[in-house]
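Because the structure is predicted, anything quoted here is derived from the model rather than measured. Letters go in sequence order (proteins before strands), and every chain restarts at 1.
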Amino acid sequence: MKKLINDPKTVVDESVEGFGLAHADLVRVSPDPLFVARAGGATTGRVGIVSGGGSGHEPLHAGFVGHGMLSAAVPGPVFTSPTPDPIVAATLAVDGGAGVLHIVKNYTGDVLNFETAADLADAEGVRVVSVIVDDDVAVKDSLFTAGRRGVAGTVFVEKVAGAAAERGDDLDAVAAVATKANSVTRTMGVALQAGIVPHAGEPSFVLADDEIEIGIGIHGEPGRERVTLEPADRIVDRLIGPILDDLPFSSGDQVLLFVNGMGGTPLVEQYIVYRRAAQVLAEKGIEVSRSLVGNYVTSLEMQGVSITVAKLDAELTELWDAPVETASLRWGR
Amino acid sequence: MKKLINDPKTVVDESVEGFGLAHADLVRVSPDPLFVARAGGATTGRVGIVSGGGSGHEPLHAGFVGHGMLSAAVPGPVFTSPTPDPIVAATLAVDGGAGVLHIVKNYTGDVLNFETAADLADAEGVRVVSVIVDDDVAVKDSLFTAGRRGVAGTVFVEKVAGAAAERGDDLDAVAAVATKANSVTRTMGVALQAGIVPHAGEPSFVLADDEIEIGIGIHGEPGRERVTLEPADRIVDRLIGPILDDLPFSSGDQVLLFVNGMGGTPLVEQYIVYRRAAQVLAEKGIEVSRSLVGNYVTSLEMQGVSITVAKLDAELTELWDAPVETASLRWGR
Amino acid sequence: MTLDLSWVTTWVDDTVAVVSDNRLRLSELDREIGDGDHGENLDRGFAAVKAKFDALPEGSTPGSALKLVATTLISTVGGASGPLLGTAYLKGAQALGDAAELDADAVVALLTAARDGVVLRGKAEVGDKTMIDAWTPAVDAATAAAASGASPAAVLRAAADAAVEGAASTEPLVARKGRASYLGDRAVGHRDPGAESSSLILIAAAEAAEATEG
Amino acid sequence: MTLDLSWVTTWVDDTVAVVSDNRLRLSELDREIGDGDHGENLDRGFAAVKAKFDALPEGSTPGSALKLVATTLISTVGGASGPLLGTAYLKGAQALGDAAELDADAVVALLTAARDGVVLRGKAEVGDKTMIDAWTPAVDAATAAAASGASPAAVLRAAADAAVEGAASTEPLVARKGRASYLGDRAVGHRDPGAESSSLILIAAAEAAEATEG
Ligand SMILES: Nc1ncnc2c1ncn2[C@@H]1O[C@H](COP(=O)(O)OP(=O)(O)O)[C@@H](O)[C@H]1O
Ligand SMILES: Nc1ncnc2c1ncn2[C@@H]1O[C@H](COP(=O)(O)OP(=O)(O)O)[C@@H](O)[C@H]1O
Ligand SMILES: [Mg+2]
Ligand SMILES: [Mg+2]
Ligand SMILES: [Mg+2]
Ligand SMILES: [Mg+2]
């Protein structure tokens with residue numbers, strides 16, 4: 001394992017410190033308990049939005065802290081959800097009196113730690129509402145399982161919720177927007193090669209030279225099936241079919257098409273994936289009215305991509321278009 | 001080799017097609033000869049700016065086409081400079097009557113092909129001025145060699161030249177800004193692992209499990225020396241020392257600090273690098289007044305980073321801050 | 001025969017050691033069907049517990065000491081296992097009240113409340129391939145042993161043996177909770193890391209009791 | 001003994017074949033001290049030349065045919081070698097004017113102008129470890145052969161032999177131009193790919209002339 005790190009134990013602290021130095025105009029870093037909040041502190045009367053989870057998915061979440069998106073991000077150790085303490089601290093720090101929304105990716109660890117944190121923040125008099133993101137169609141959903149995972153669609157949920165908070169919606173309204181955004185968003189991913197967790201020192205899983213994993217999770221959790229490497233267009237077809245069937249999306253829909261790099265796949269390949277995905281949607285009469293391509297929800301240096309399709313109505317489009325000023329997503333200011 | 005491609009021969013065409021689909025609000029793609037120009041065409045009386053080079057460095061250059069930056073980008077085959085034809089076509093397409101600046105990274109192939117293209121465009125009545133970017137301190141410079149390479153500093157040169165063109169500077173003034181920007185910019189990179197050129201199918205070079213290459217170029221050209229893997233802070237010291245000595249930078253200077261990912265290195269590591277680089281500059285009394293961190297000038301999925309330091313004066317700062325709206329660099333609108 | 005605070009401290013010390021010794025093995029189990037951090041998570045948590053126990057407040061009871069384990073794990077482990085095991089210790093501690101001495105029934109109450117805490121948070125059932133597959137057989141065996149008049153140490157030994165078997169019983173299962181549930185059939189043949197670590201914790205409890213009694 | 005258009009077409013055909021056959025080897029040489037695309041670049045270019053030559057305009061002369069090679073290479077090869085070799089063919093073509101038959105002196109003029117074209121663009125000298133290390137010895141040998149009365153085919157054979165030696169002579173050199181210059185001492189021991197491909201082109205020229213004469 002070769003990594004640009006000093007010590008597997010200090011990776012997250014040092015990286016977040018660097019992040020704070022690089023983006024001092026946007027954020028403040030609390031080193032202990034570790035969280036990243038907007039520079040300038042809480043805005044009185046505005047709903048705060050906190051998200052977080054294991055590190056290794058950068059720019060998620062700290063890269064989305066700023067005007068029009070998150071109020072704070074809580075980075076856990078690599079691929080391990082943060083404990084309740086920093087979540088509570090971040091929640092208290094961003095509360096402007098209007099309560100705080102927790103946006104939580106659906107992993108047992110994240111859900112349980114945010115749940116505990118929400119109880120504790122409540123006990124401190126801060127009202128917390130939680131929205132669970134579970135956009136990954138690769139996983140079979142049922143009452144008796146852990147349910148679907150939260151993956152790249154989290155960016156969409158965080159963006160529109162942030163815009164709703166920025167325009168002054170109250171906590172229930174912001175939560176309703178986030179819930180709606182999650183409900184219209186579907187994602188599926190593929191891995192060609194695993195990333196390496198610093199303290200593990202070896203790949204999270206091993207794929208043969210001609211194998212790919214369809215339906216991969218963002219921690220390298222296995223997906224639906226391993227298949228032999230195919231041309232990109234065929235792989236895209238394997239991802240987008242289940243996505244479109246699931247909601248279902250239909251002709252005439254307006255959508256956001258989001259091709260997300262997992263960290264180690266060059267942009268040149270991500271756009272090849274985008275091309276085919278756009279073709280498939282066009283064939284089905286689905287109109288791509290907004291798009292996003294790049295490394296937004298990564299899995300360290302994993303090679304692979306995910307495709308997210310989110311159905312847009314007028315409100316979600318407006319909230320997506322609203323100004324945002326964060327380290328990794330910025331427009332309108 | 002596992003890649004999300006259909007065919008090594010169609011990688012660039014399909015990727016650029018996907019890029020055009022994803023960013024139809026910003027750009028138009030000319031498929032043959034292949035170039036990417038701003039949507040909306042040339043602006044009468046404004047200087048056009050064309051850059052280009054081998055593909056595989058995305059988002060450079062097409063990701064920087066748009067308001068306040070490039071007028072057009074000409075992507076060659078992977079790691080191979082484009083021929084003169086598409087450069088000429090792009091040059092003619094973006095000329096608004098005020099002439100066109102060519103921003104060329106200093107590689108023999110790029111220089112020769114752009115030179116030929118400039119001659120041909122001149123013959124068509126379009127005045128072309130060329131600025132060569134050669135920010136890489138890893139390479140010994142001399143009249144008798146090919147000279148320094150153009151690497152990540154290209155982003156800085158393209159940004160400030162684009163802003164100068166946008167505010168209405170004439171061709172000589174825009175070229176002067178670009179020349180000044182290049183002259184105050186220094187870069188050095190490190191590779192932990194090579195990327196794989198699609199048609200080659202194997203890594204451009206091989207590093208042992210504990211080896212890194214200091215002074216790497218963006219096509220995987222070898223650098224100054226191979227050393228044993230060290231902690232990130234020591235590696236940063238190896239990069240930033242020669243950078244600061246070269247100009248030289250001195251106490252009291254204001255600079256842009258730009259940590260650039262080579263494609264396969266996660267952001268979490270890039271910020272660890274940024275942290276140390278910022279520490280070193282602070283120790284020397286050099287003020288980081290602007291910063292940039294991310295994958296901007298890549299080498300496919302190469303693992304590694306480069307560090308760029310550019311000395312800012314009031315004009316360069318203003319031009320850096322000016323609004324820009326491109327696929328990969330955006331602020332102020 | 002009863003157990004007191006010294007049993008708790010010995011149990012905690014032994015757990016710290018066994019978790020540290022098994023760190024890589026537990027993460028390896030987790031790499032096979034999860035995300036490979038389980039040993040790391042617990043080791044971080046129990047190292048923090050050890051630091052707290054090095055300065056255990058005067059007048060601690062078994063219950064207050066176990067509560068300290070709980071809050072420390074909740075604050076330091078993260079992941080799924082942090083809140084789950086933390087809640088186990090928390091509910092177990094609450095079941096003990098401020099008793100200074102624990103008889104066999106108190107031990108059963110401790111284990112039962114601990115297991116119920118995990119279920120409360122994680123909603124898993126036996127057969128879901130989670131730490132519950134170690135805890136529930138352990139609680140059942142402990143209950144039976146206490147009913148037949150066993151000593152606290154013997155109750156814990158029965159629980160530990162059942163937990164070991166329970167951990168082994170996860171191997172043929174498909175997971176329905178936690179990360180391994182994403183694997184479907186591919187989890188078959190692998191042991192659940194949380195069930196394994198829970199069995200180690202319960203073995204440590206039995207050994208500590210035997211050492212204290214002996 | 002003179003050479004005419006059929007020599008040019010045979011030369012081009014042979015070059016297309018030899019470049020295609022050596023594509024991987026040339027790229028391998030380039031991978032060692034450059035960016036690994038030289039074979040690919042030339043193959044793309046000469047495949048395009050072949051397509052153009054399949055429909056060579058009526059009334060072509062050696063000069064106009066070589067100019068077509070030049071413009072096609074410039075438009076399709078890219079990289080450093082595209083403009084350099086393109087300019088070589090362009091200047092060589094210009095040196096021939098509209099002559100239909102080439103004697104030994106014309107061949108020397110062709111090679112000299114080609115070499116000068118490469119120098120004009122690339123500013124390399126002998127010893128810089130570039131294609132000039134093949135071209136300049138080739139020009140010198142051709143000049144000497146013509147002076148001693150050799151046939152065009154013999155002039156080209158002398159050029160080819162010298163180019164082969166020149167390509168080999170690049171191995172011990174440190175590069176001062178092109179990508180290999182970034183390598184410093186590490187380029188030592190590797191043959192320059194552009195010198196090698198130039199020697200292949202000149203061998204093809206000699207063989208085509210021998211076949212035409214023979
Ligand atoms: N819902 C649940 N109920 C009980 N135990 C669970 C549940 N989900 C996960 N676990 C346990 O947690 C263990 C994984 O813990 P750990 O690896 O530390 O956390 P994470 O999965 O967040 O990385 C699993 O092996 C399993 O025993
Ligand atoms: N300045 C120069 N003068 C002459 N030949 C050069 C010069 N620079 C490079 N070359 C030749 O070009 C060859 C490399 O060509 P190629 O690999 O196709 O282009 P690139 O280096 O752009 O990838 C080198 O082997 C060398 O012979
Ligand atoms: Mg985990
Ligand atoms: Mg090249
Ligand atoms: Mg785990
Ligand atoms: Mg080359």
Side-chain angles (χ1 to χ4, degrees), chain A residues 8-9 33 52-54 56 74 76-88 107-117 120 136 138-140 142-149 194 196-206 215-226 299, chain C residues 23-24 27-28 30-45 47-48 70-87 90 117-118 120-125 127-131 174-187 190 194:
Chain A
K9 289 194 197 304
V74 187
V78 174
F79 287 2
T80 296
S81 65
T83 62
D85 301 12
I87 305 173
V88 172
Y107 297 95
T108 308
D110 287 350
V111 171
L112 295 179
N113 284 288
F114 270 89
E115 208 172 271
T116 307
L120 294 170
D136 186 358
V139 168
K140 280 201 210 93
S142 110
L143 272 181
F144 306 104
T145 64
R148 289 180 162 177
R149 302 171 294 210
I196 298 182
V197 176
H199 58 250
E202 35 184 289
S204 310
F205 58 95
V206 177
I216 194 79
I218 56 170
H219 310 87
E221 307 93 329
R224 288 196 174 191
E225 49 175 347
R226 281 189 188 187
S299 183
Chain C
R23 182 170 64 90
L24 295 177
S27 287
E28 180 56 36
D30 194 30
R31 188 154 34 247
E32 283 162 8
I33 57 171
D35 61 352
D37 61 1
H38 186 59
E40 198 70 32
N41 294 345
L42 289 192
D43 190 43
R44 183 173 54 242
T71 53
T72 309
L73 292 182
I74 290 174
S75 312
T76 56
V77 175
S81 55
L84 290 170
L85 276 184
T87 306
L90 190 68
V118 176
L120 177 78
R121 292 238 89 125
K123 301 182 184 62
E125 295 172 10
D128 283 356
K129 197 172 183 125
T130 70
M131 60 175 75
V174 170
R176 280 190 299 261
K177 294 283 179 195
R179 289 181 196 288
S181 68
Y182 309 134
L183 273 168
D185 291 345
R186 287 195 273 177
H190 297 280

Problem - A:N113 side chain to C:G79 backbone, donor-acceptor under 3.5 Å - result: yes
By a 4.5 Å heavy-atom criterion (distance strictly below it), what part of [X] contacts chain A: side chain, backbone, both, or neither?
X      : result
C:S181 : side chain
C:T76  : backbone
C:R31  : both

How many angstroms lie between atom [atom1] of [X] and atom [atom2] of [Y], to the nearest 0.5 angstrom?
X      : Y      : atom1 : atom2 : answer
A:S81  : C:N41  : OG    : CG    : 8.0 Å
A:T108 : C:R121 : OG1   : CZ    : 12.0 Å
A:H199 : C:R44  : NE2   : CZ    : 7.5 Å

Locate the shortest heavy-atom distance separating [X] from [Y]; write the atom from each residue and the value.
X      : Y      : answer
A:L112 : C:P83  : CB-CG, 3.5 Å
C:R186 : A:R224 : NH2-C, 4.0 Å
A:F79  : C:R179 : O-NH2, 3.8 Å
A:T80  : C:G78  : CG2-C, 4.1 Å
C:Y182 : A:G147 : CE2-O, 3.5 Å

Problem - Test log, rule side chain to side chain contact (heavy atoms under 4.5 Å, CB included), inputs C:E40 and A:V197 - result: CA-CA 12 Å; C:E40 198 70 32; A:V197 176; over 6 Å; no
Exercise for the section: Find the one option among A:T83, A:D110, A:V111, A:D85 whose heavy-atom pairs under 4.5 Å with chain C are most numerous. Expected result: A:T83
Exercise for the section: Identify which part of A:P77 has an atom lying under 4.5 Å from any heavy atom of chain C, answering side chain, backbone, both or neither. Expected result: side chain
Problem - Region of A:P8 in contact with chain C, defined by heavy-atom distances below 4.5 Å - result: neither
